[in-house]
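In what follows, a single structure is set out as structure tokens and then discussed.
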Amino acid sequence: MIVFSNRRLGPAAELLVSVDVAQSMLRAIADAARPEASARWELELVRWLEARAAATAAIDVSDLAWTPTNFDRQRDFVVAAIARAAESSEHSRALARWAAMIEAHPRDSVQFGRLWSWQPTA
């Protein structure tokens, strides 16, 4: 099982899904984001989602390499990609819950200089 979380919101916000569902969700988000991605962060997000889909590790909203100056735009980009992915996914409810966790992510938890973690821990 894979946990999607937002540590800042606490365990009540967690989403627990099978490895297959998690991989399907992350690939669907990457596929939905890819055609719209143009900025470096957006392109890195697509690569990161694909890499995370191949892993079997928990994922937290804070794992995304948010930047303080572009946080709102980045969050909107991710939420829009999830919404597009949900339109044709059998996991639309799970995707909607993940989007809600991302929408609720507090701006003050974004760290300056946060980098993408390409080696998720199991």
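Note that OG of Ser88 and CG of Asp31 are 9.0 Å apart. Values are rounded to the nearest 0.5 Å. Taking OG1 of Thr67 as the reference point, atom CD of Gln74 lies at 3.5 Å (rounded to 0.5 Å). Atom CG of residue Leu95 and atom CG of residue Leu26 lie 9.0 Å apart, to the nearest 0.5 angstrom. Expressed to the nearest 0.5 Å, how far CG of Asp108 lies from CZ of Arg8 amounts to 4.5 Å. Atom CD1 of residue Ile59 and atom CH2 of residue Trp98 lie 4.5 Å apart, to the nearest 0.5 angstrom. The line from CD1 of Ile2 to CG of Asp20 is 10.0 Å long, rounded to the nearest 0.5 Å.
In plain terms, the two heavy atoms of Ala104 and Asn6 that are nearest each other are C-ND2, 4.4 Å. His91 approaches Ser24 most closely through the heavy-atom pair CD2-OG, 3.4 Å. When every heavy atom of Ser38 is checked against every heavy atom of Leu43, the shortest pair comes out as O-CD1, 3.7 Å. When every heavy atom of Ala99 is checked against every heavy atom of Val79, the shortest pair comes out as O-CG2, 4.2 Å.
Qualifying salt bridge (Lys or Arg N to Asp or Glu O under 4.0 Å) partners for Arg93, counting only residues two or more places apart in sequence or in other chains: none. Residues satisfying the side-chain contact (heavy atoms from CB on, under 4.5 Å) criterion with Asp60, sequence neighbours excluded, are Ser5, Arg7, Ser62, Asp63.
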Item to complete: Check the pair Val61 / Arg75 against side chain to side chain contact (heavy atoms under 4.5 Å, CB included), numbers first and verdict last.
Response: CA-CA 10 Å; Val61 174; Arg75 182 175 54 190; over 6 Å; no

Discussion item. Go through it in stages, so that I can follow the logic: the residues are Met25 and Leu15, the test is side chain to side chain contact (heavy atoms under 4.5 Å, CB included), and I'd like the CA-CA distance, side-chain angles, deciding distance and then a yes or no.
Written reply: CA-CA 12 Å; Met25 288 171 58; Leu15 171 65; 4.2 Å; yes

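If you chain together hydrophobic residues whose side chains sit under 4.5 Å apart, Met1 and Val3 fall into the same group.
Salt-bridge check for Asp76 with Arg73: failed, with every basic side-chain N at 4.0 Å or more from each acidic carboxylate O.
Using the six-membered ring where Trp is involved, Trp66 and Trp41 have ring planes that are parallel, under 30° apart on the 30 and 60° scheme.
In terms of modelled atom types and a separation under 3.5 Å, the side chain of Arg97 and the main chain of Phe4 share no donor-acceptor contact. Glu36 contributes no side-chain N or O that, together with a main-chain N or O of Ala81, makes up a donor-acceptor pair within less than 3.5 Å. A donor-acceptor pair under 3.5 Å is absent between the side-chain atoms of Arg27 and the main chain of Ala54, judged by distance alone.
Using a 4.5 Å heavy-atom cutoff, the side chains of Glu103 and Ile82 are not in contact.
In this structure, Arg107 places its CZ atom where more than 12 heavy-atom neighbours from other residues, nucleotides or ligands lie under 6.0 Å away.
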